[in-house]
Protein chains: 2
Amino acid sequence: MRADAKKNYDHLLNVARTVFMEQGSDASLRDIARRAEVGLGTLYRHFPTREALLEALLRSSFEALAERADELQAADDSAAALMEWLQEIIAFTHEHRGVIAPMVSVIEDHESALHASCVSLRAAGAALLSRAQADGKARADLDGAELFDLIAALAWLREQPSHASRADRIFGIISGAVLNTGKSIARR
Amino acid sequence: MRADAKKNYDHLLNVARTVFMEQGSDASLRDIARRAEVGLGTLYRHFPTREALLEALLRSSFEALAERADELQAADDSAAALMEWLQEIIAFTHEHRGVIAPMVSVIEDHESALHASCVSLRAAGAALLSRAQADGKARADLDGAELFDLIAALAWLREQPSHASRADRIFGIISGAVLNTGKSIARR
DNA sequence: ACCTGAACACCGTTCAAGT
DNA sequence: ACCTGAACACCGTTCAAGT
């Protein structure tokens with residue numbers, strides 16, 4: 001990449017990070033180009049779709065979450081490890097408002113720039129689930145795709161302001177449904 | 001209302017029904033006015049917000065769902081009644097793609113035209129839940145707002161094409177978490 | 001090789017002017 | 001009392017023209 005192109009690319013990523021954080025992942029691409037003081041075509045040249053921009057922006061975070069799952073595979077308590085990872089991925093999507101919808105919409109679209117990252121995350125979750133199942137701590141009749149569905153549902157709910165006060169409770173209820181520990185979540 | 005106004009009002013509702021069914025509840029209001037062969041201002045006069053249009057369109061359905069809950073209160077099995085009603089409300093939101101997001105976003109906004117309908121539905125669900133709880137068939141540590149969250153999460157998931165094949169399974173898992181029957185959902 | 005921004009086809013919302 | 005549609009302020013996406 002030419003030096004000037006590289007500079008634009010990096011600057012666009014930084015501005016996009018700011019704007020997405022402020023306004024969510026459905027922020028205006030025009031606004032990003034404007035704030036980066038770059039032609040709109042330059043943004044489209046480097047990132048042909050919103051998904052491509054999100055992927056470039058969040059790649060390292062996705063990788064970190066996948067690595068975190070690997071680390072947690074070594075934890076003593078496989079159920080606690082799964083719960084911890086669920087907490088972390090929900091916290092991540094909560095931080096990046098609006099990111100769960102594109103993640104779900106591209107999970108079966110092999111052409112999307114965001115596809116690989118989502119599949120990796122699903123696989124990372126599936127691996128943690130598998131170990132918990134092997135330990136008899138997670139319900140056996142659940143697979144990675146279903147776990148990803150539950151994560152997506154929780155993540156979407158988390159984005160709704162009216163839900164905020166119940167977020168922990170609902171997380172407990174749904175993640176509790178994944179485990180074999182009966183219905184023991186914190187009572188009020 | 002003047003006769004010509006009434007005619008426009010009714011015609012707009014019919015066209016909106018068609019367009020929302022075709023494209024979801026976030027369809028273009030401009031397109032609706034265009035297809036109704038009515039000035040854009042006429043649509044805004046009758047329905048000042050998208051929520052007002054949705055409310056006028058779905059009021060009878062919301063009422064039917066609330067009445068259905070009343071009927072089901074008389075059923076023998078309170079747990080089955082709750083499950084049946086959950087199925088029906090999810091089927092309704094699935095039929096009306098895109099409607100769950102505004103429903104959740106206005107549930108705490110007393111000014112919204114859609115507010116009353118959503119609160120009624122939440123109350124209807126809460127009543128069914130209460131009876132199941134009194135019978136010891138639903139987990140005691142759950143309230144209407146939390147049930148509404150779970151419904152919303154399921155409804156949103158249902159809108160995602162990639163989720164379609166697992167819809168029944170996830171419904172079983174989440175609704176199972178509401179009941180006190182352990183984790184007995186259909187195995188594969 | 002890369003950048004620019006006008007052009008095109010859309011939105012939602014408001015409101016002066018018309019009947 | 002009601003209707004109309006231009007006007008305004010936005011979008012996403014493409015692409016001819018420039019450096």
Side-chain angles (χ1 to χ4, degrees), chain A residues 1-57 97-99 101-103 105-106 109 111-114, chain B residues 1-57 97-99 101-103 105-106 109 111-114:
Chain A
M1 200 176 337
R2 233 166 58 179
D4 55 343
K6 169 79 174 147
K7 196 184 154 202
N8 278 333
Y9 182 93
D10 292 341
H11 188 224
L12 273 168
L13 271 187
N14 283 330
V15 173
R17 171 164 285 116
T18 305
V19 175
F20 281 152
M21 286 299 198
E22 278 175 19
Q23 309 181 20
S25 303
D26 49 358
S28 159
L29 298 182
R30 238 193 170 82
D31 193 34
I32 291 169
R34 215 157 26 215
R35 285 167 66 165
E37 291 175 298
V38 142
L40 196 41
T42 303
L43 188 153
Y44 275 91
R45 155 178 292 269
H46 289 302
F47 310 103
T49 64
R50 183 182 298 272
E51 280 75 34
L53 179 52
L54 282 173
E55 196 276 336
L57 209 51
R97 183 164 44 93
V99 84
M103 285 175 66
S105 88
V106 306
D109 174 9
E111 306 312 310
S112 167
L114 207 55
Chain B
M1 200 176 334
R2 235 166 59 178
D4 56 342
K6 168 79 172 148
K7 197 185 151 199
N8 277 334
Y9 181 93
D10 292 340
H11 188 223
L12 273 168
L13 271 188
N14 284 330
V15 172
R17 173 165 283 115
T18 305
V19 175
F20 281 154
M21 286 299 197
E22 280 175 18
Q23 310 181 20
S25 303
D26 50 357
S28 160
L29 298 182
R30 238 194 171 82
D31 193 34
I32 291 170
R34 215 158 26 215
R35 285 167 66 164
E37 291 175 296
V38 140
L40 195 43
T42 303
L43 188 152
Y44 274 91
R45 158 179 289 268
H46 289 304
F47 311 103
T49 63
R50 182 182 299 271
E51 280 75 33
L53 180 52
L54 282 173
E55 196 277 334
L57 209 53
R97 182 164 44 91
V99 83
M103 284 175 66
S105 88
V106 306
D109 174 9
E111 306 311 311
S112 168
L114 207 56

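Just so we're on the same page: letters track the sequence lines, and every chain starts at 1.
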TODO: Return one dot-bracket line describing DNA chain C 5' to 3' (Watson-Crick or G-U wobble pairs, both distances under 3.5 Å; ( ) same strand, [ ] crossing, | another strand, . none).
DONE: ||.|||||...|||||.||
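- When the shell of 6.0 Å around CD of B:Glu111 is examined, it contains 12 or fewer heavy atoms from other residues, nucleotides or ligands.
- Atoms CG (A:Leu43) and P (C:dC3) sit 11 Å apart, rounded to a whole Å.
- Between A:Arg34 and A:Asp31 there is a side-chain heavy-atom pair separated by less than 4.5 Å.
- For DNA chain C, none of the residues of residues 1-23 of chain B falls under the heavy-atom distance limit of 4.0 Å.
- Atom CZ of A:Phe47 and atom P of C:dC3 are 11 Å apart (whole Å).
- Following rounding to the nearest Å, A:His46 (NE2) and C:dA1 (C1') show an atom-to-atom distance of 11 Å.
- B:Arg45 places its CZ atom 11 Å from the P atom of D:dT4, with the value rounded to the nearest Å.
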Open item on the list: Protein within reach of the bases, or only the backbone? For nucleotides 5-11 of chain D, mark each nucleotide 5' to 3' as B, S or -, using heavy atoms under 4.0 Å.
Closed with: B-B---B
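- Salt-bridge formation is detected for the pair A:Glu22/A:Arg35: a Lys NZ or Arg NE/NH1/NH2 atom is positioned less than 4.0 Å from an Asp or Glu carboxylate oxygen.
- Distance alone, capped at 3.5 Å, places no donor-acceptor pair between the A:Ser112 side chain and the A:Val106 backbone.
- Put simply, the side chain of A:Phe20 reaches to within 4.5 Å of the side chain of A:Arg50, judged on heavy atoms.
- Taking atom OH of residue B:Tyr44 and atom P of nucleotide C:dT13, one finds them 4 Å apart after rounding to whole Å.
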